[in-house]
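Here is the naming used below: chain letters follow the sequence lines, and residue numbers restart at 1 for every chain.
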Amino acid sequence: MANNIRVRYAPSPTGHLHIGNARTALFNYLFARHYKGKFIIRIEDTDTKRNIADGERSQLDNLKWMGLDWDEGPDIGGDYGPYRQSERKDIYQKYIDELLEKGLAYKSYETEEELQAKREEQRATHQMPHYVYEYAGMSEDEIKKSQAEAEAKGLKPVVRFRVPVGKTYEWDDMVKGHLSFESKTVGGDFVIQKRDGMPTYNFAVVIDDHLMKISHVFRGDDHVSNTPKQLMIYEALGWQPPKFGHMALIINNETGKKLSKRDESVLQFIEQYRDLGYLPEAMNNFIILLGWSPKGEDEIYSLKQFVKMYDEKRLSKSPAAFDRKKLAWINNQYMKNVDADRVFDIAMPQLLEAGLIDKHADAEKMEWMRRCVELFKREISYAHQIIDYVKPFVKGPKDIDEAGQKELADPSAITVLSEFRKRIAALDYMDATNVLRTIKSIQKDTGIRGRKLWMPIRVAVTHETVGPELPESVELFGQETTLKHLDAAIDMLKNK
RNA sequence: UGCCCGCUGGUCAAAUUGGUUAAGACGUAGCCCUCUCAAGGCUAAGUUACGGGUUCGAUCCCCGUGCGGGUGACCA
């Protein structure tokens, strides 16, 4: 069944993909896929000064990494293109001209300096900063004259939208319920076309959403106050606005304020988590739970399942704090169940950088490292952490610390180690199964068991009192190194 | 200061639109498992911001107070 649901994610290429934007993208995506509508990407690059070279590519890259796909966009085109606002200037111009002609907008020659001065004055007298109509009290002819003079001086105008007086703009927000603003609260006639000819956000977004037949707009709470302005433009052009839904923002746990890019106490960008080795499915899961809740008691779901059960009515009205501990837990849930090969791939750049493996390592070496990763992946909450676990196995362990010495203090330790050394040396081939069997045989023959049996071996071989399964750890060191470490430990105990 | 919004444990949150012992998850603490650390299992502590209404009965409806947030650009 075909339907007309079309939603969009409209980033501006002024930076990398921010957590908050990722969430906006995700919820729009979920909505589109759930209702079998279309998901569209549009690039809002009207602020030519702030655009950064890699911005668009980076945004799209990270969205792909998250596993999102779209039906129309700057990279794949579509029936309603172009999908970059910078390429739609002719389209905007047409509507600017239309509003100008109808007297619903006008050219304004006040300079930024003049405006700035006025704002400061308003602030000084405890008024809310707002634009004051610069042609107040002038007749049609006087206005024309004033504009001609400005033009003669070489001034370039901006175009301002004439805000209707005494009207109320309201809508039923899909998240927040009924919202209403009086026209006088928007701050006066606002700019719809900048001096450089580019449209402003509030204007372009209306034109594009209408022309691209966008049916529903989910965006951050910070856009609530833009909505009345946009409603005015829909009205002026005689268009039907889409449905709006304003989602509560994500706030910083510590400051209680919305996540801002300047705030460095939280990692804010998807890319940073990607680099640390977080899994995209875990990121999605975590982000979706920030401001939305599933029906039952479970919280771990795949994107596909979220699409299926998504219900925009369950979007939260109040802001959610970003909790890194929960993210770590969620990622670990996924990490445990993911293929070791995949974790290996994700951790590879870090392993290379830390010098723990060589780019040209042979197959055997690679396989060894893969087993290392497999052994440790359940312990970590993100792939980067694997480095600390693997390091002792590659670079050799550090000295035995006090806690380790304590485990070796009992006289039975030397018996265990001697027996273990003898039996390991006798093996043709040492793997985890063999090692386990060997430990069990010592228990049977000597009667030593539990901590007194296991700990001396762990400490002697790995020099650590903590770590994963002992047989596997021993296997990873290899027979030769294991014997070397055992000899050293036995020597040390004898010389005491 | 104007306008708009929100407020359930430390955090995320549920509660068939007034009736529950106020779910569940993260975190915290304890116990179990165990050679250790994790993981896993079990248990515990901890909440409807405050004050008034309306009602037989308010987390839910109304009013006020408080606290928090958003916005107030030729940024988006």
Side-chain angles (χ1 to χ4, degrees), chain A residues 10-14 21 44-47 49-50 85 108 110-112 115-116 119 122-123 125-131 156-160 173 175-177 179-182 184-188 190-196 198-202 204-205 219-228 246 248-249 251 253 256-258 286 289-300 314 316-330 332-333 336 376 378-381 389 403 407 439 449-459 462 464-470 473:
Chain A
S12 31
T14 53
N21 293 135
E44 310 215 319
D45 54 353
T46 53
D47 187 347
K49 290 183 288 288
R50 293 207 320 165
Q85 291 186 328
S108 160
E110 249 178 10
T111 64
E112 293 188 58
L115 284 169
Q116 193 60 38
R119 267 189 216 115
Q122 288 164 348
R123 206 160 268 144
T125 54
H126 299 290
Q127 287 177 49
M128 153 186 156
H130 63 282
Y131 168 77
K156 288 248 180 224
V158 300
V159 177
R160 282 183 185 273
D173 196 274
V175 179
K176 309 186 89 91
L179 257 26
S180 116
F181 285 82
E182 287 180 51
K184 66 179 177 200
T185 64
V186 304
F190 55 90
V191 174
I192 56 176
Q193 186 174 39
K194 305 184 227 180
R195 190 155 282 132
D196 66 2
M198 278 289 191
T200 57
Y201 162 75
N202 277 316
V205 79
R219 53 175 33 161
D221 208 348
D222 46 344
H223 284 290
V224 166
S225 59
N226 285 322
T227 309
H246 291 92
L249 300 173
I251 59 175
N253 221 342
K257 300 216 189 298
K258 91 168 168 171
F286 173 70
L289 257 21
L290 235 40
W292 190 84
S293 59
K295 224 165 193 162
E297 297 187 346
D298 296 331
E299 295 192 329
I300 303 294
R314 298 184 70 82
S316 168
K317 285 172 170 232
S318 46
F322 185 93
D323 181 2
R324 185 125 185 227
K325 284 205 174 126
K326 182 138 187 183
L327 205 211
W329 177 78
I330 290 180
N332 177 259
Q333 295 301 301
K336 280 192 300 205
F376 290 120
R378 67 201 170 132
E379 310 246 353
I380 58 178
S381 57
Y389 286 89
E407 299 292 346
I439 295 175
R449 53 190 301 164
R451 195 171 185 116
K452 283 187 175 167
L453 169 64
W454 291 76
M455 260 311 176
I457 299 175
R458 175 177 291 284
V459 171
T462 71
E464 299 276 356
T465 52
V466 299
E469 303 296 327
L470 185 54
S473 301

With N202(A) via side chain to side chain contact (heavy atoms under 4.5 Å, CB included) - residues at least two apart:
N226(A), K229(A), Q230(A)
How long is the span from the CZ atom in R314(A) to the NZ atom in K295(A), to the nearest 0.5 Å?
6.0 Å
For nucleotides 36-50 of chain B, 5' to 3', base contacts (B), sugar-phosphate-only contacts (S) and non-contacts (-) with protein non-hydrogen atoms under 4.0 Å give BBBSS----------
State which residues pass side-chain hydrogen bond (donor to acceptor under 3.5 Å, both in side chains) with T227(A); sequence neighbours excluded, sorted by chain then number.
R219(A), H246(A)
Can we say R160(A) and E110(A) salt-bridge, meaning some charged N sits less than 4.0 Å from an Asp/Glu carboxylate O?
no
Can you name the side-chain hydrogen bond (donor to acceptor under 3.5 Å, both in side chains) partners of D47(A), sequence neighbours left out?
R50(A)
Reading nucleotides 5-10 of chain B from the 5' end, what letters show protein touch, with B for base, S for backbone sugar-phosphate only, - for no heavy atom under 4.0 Å?
SSS---
Could you give the distance separating A14(B) and U48(B) at their C1' atoms, to the nearest angstrom?
13 Å
When only distance counts, do a donor and an acceptor, one from the side chain of E299(A) and one from the base of G24(B), lie under 3.5 Å apart?
yes
Rounded distance (nearest 0.5 Å) linking atom OG of S381(A) with atom CD1 of I330(A)
11.5 Å
Using the C1' atoms only, state how far A25(B) lies from A13(B), rounded to an integer number of Å.
8 Å
How does RNA chain B look in dot-bracket notation if pairs are Watson-Crick or G-U with both distances under 3.5 Å, crossing ones as [ ], other-strand ones as |?
.((((((..(((......[....))).(((((.......)))))....(((((..]....))))))))))).....
How is L327(A) classified with respect to the nucleic acid when contacts are heavy atoms under 4.0 Å: base, sugar-phosphate, or nothing?
nothing
Run the side-chain contact (heavy atoms from CB on, under 4.5 Å) check on M128(A) and T185(A) step by step: do they pass?
CA-CA 10 Å; M128(A) 153 186 156; T185(A) 64; 5.7 Å; no
Quick check: closest heavy atoms across T462(A) and S473(A), and the distance to 0.1 Å?
CG2-CB, 4.3 Å
Mind checking if G291(A) touches a base, just sugar-phosphate, or nothing, with heavy atoms under 4.0 Å?
sugar-phosphate
Side chains of Y131(A) and V191(A): does their closest heavy-atom pair fall under 4.5 Å?
no
What residues form a salt bridge (Lys or Arg N to Asp or Glu O under 4.0 Å) with D173(A), not counting sequence neighbours?
none
Show each protein N/O and nucleotides 61-65 of chain B N/O combination with a separation under 3.5 Å, one pair to a line.
none

Give me the distance, rounded to whole Å, that separates C33(B) from G40(B) when you measure between the C1' atoms they each carry.
8 Å
Are the side chains of W329(A) and I300(A) in contact, using a 4.5 Å heavy-atom criterion?
yes
For nucleotides 72-76 of chain B, which of its nitrogen or oxygen atoms have a protein nitrogen or oxygen under 3.5 Å away, and what is each distance?
residue, atom, partner, partner atom, Å
G72(B), O2', P129(A), O, 3.3
C74(B), OP1, R119(A), NH2, 3.0
C74(B), O2, R195(A), N, 3.2
C74(B), N3, R195(A), NH1, 2.7
C74(B), N4, E110(A), O, 3.1
C74(B), N4, R195(A), NH1, 2.5
C74(B), N4, R195(A), NH2, 2.5
C75(B), OP2, K194(A), NZ, 2.9
C75(B), O2', D47(A), OD2, 2.7
C75(B), O2', R50(A), NE, 3.4
C75(B), O2', R50(A), NH2, 3.4
A76(B), OP1, T46(A), OG1, 2.4
A76(B), OP1, K194(A), NZ, 2.7
A76(B), OP2, Y201(A), N, 3.0
A76(B), O3', E44(A), OE1, 3.1
A76(B), O2', S12(A), OG, 3.1
A76(B), N6, N226(A), OD1, 3.1
A76(B), N6, N226(A), ND2, 3.0
A76(B), N1, N226(A), ND2, 3.2

Within this structure, what is the NZ-to-C1' distance between K325(A) and A13(B), rounded to whole angstrom?
19 Å
Side chain to side chain contact (heavy atoms under 4.5 Å, CB included) partners for Q122(A), two or more places apart:
R119(A), Q127(A), P129(A), H130(A), V132(A)
K258(A) side chain: which of U71(B), A25(B), A23(B) is closest?
U71(B)
Side-chain donor/acceptor pairs under 3.5 Å, residues 317-324 of chain A, sequence neighbours excluded:
residue, atom, partner, partner atom, Å
D323(A), OD1, K325(A), N, 3.1
R324(A), NH2, Y278(A), OH, 3.4

Minimum heavy-atom separation for R195(A) and S108(A), please, with both atom names.
NH2-O, 4.5 Å
Heavy-atom nearest nucleotide on RNA chain B taken for A321(A) and for V224(A); more 5' hit belongs to V224(A)
Got a donor-acceptor pair under 3.5 Å from the side chain of K295(A) to the base of A14(B)?
no
May I ask you to evaluate whether K257(A) reaches the phosphate of G69(B), defined as a side-chain N or O under 4.0 Å from OP1 or OP2?
yes
In Å and rounded to the nearest 0.5 Å, what is the OG1 to NZ distance from T200(A) to K194(A)?
7.0 Å
Under-3.5 Å N/O pairs linking protein and nucleotides 29-33 of chain B:
none

L249(A) or A320(A): which one's nearest nucleotide on RNA chain B is closer to the 5' end?
A320(A)
Distance check needed: C26(B) P versus L290(A) CG, whole Å only.
16 Å
Would you measure the distance from the C1' atom in G27(B) across to the matching atom in U11(B) and give it in whole Å?
8 Å
Distance between C1' atoms of G66(B) and C50(B) (Å, rounded)
7 Å
Check every strand shown and say whether R219(A) touches a base, only sugar-phosphate, or nothing at a heavy-atom separation below 4.0 Å.
nothing
Please evaluate residues K326(A) and E299(A) with respect to the criterion side-chain contact (heavy atoms from CB on, under 4.5 Å), reporting the C-alpha separation (whole Å), side-chain torsions for both, the decisive distance (0.1 Å), and the verdict.
CA-CA 11 Å; K326(A) 182 138 187 183; E299(A) 295 192 329; 2.7 Å; yes
In whole angstroms, how far is the P atom of C4(B) from the NZ atom of K184(A)?
10 Å
Atom pair OH (Y389(A)) and CD (E464(A)), whose distance is rounded to the nearest 0.5 Å
11.0 Å
Using the C1' atoms only, state how far C4(B) lies from A22(B), rounded to an integer number of Å.
31 Å
Separation of the P atoms in G24(B) and A15(B), to the nearest angstrom
14 Å
Atom of Q85(A), atom of T46(A) and distance for their closest heavy-atom approach:
OE1-CG2, 3.3 Å
Atom CD of E379(A) and atom NZ of K336(A): how far apart are they, to the nearest 0.5 Å?
11.0 Å
What interatomic distance, in whole Å, is found between C1' of U59(B) and the corresponding atom of U21(B)?
16 Å
Find the distance Q122(A):CD to C3(B):P and express it as a whole number of Å.
16 Å
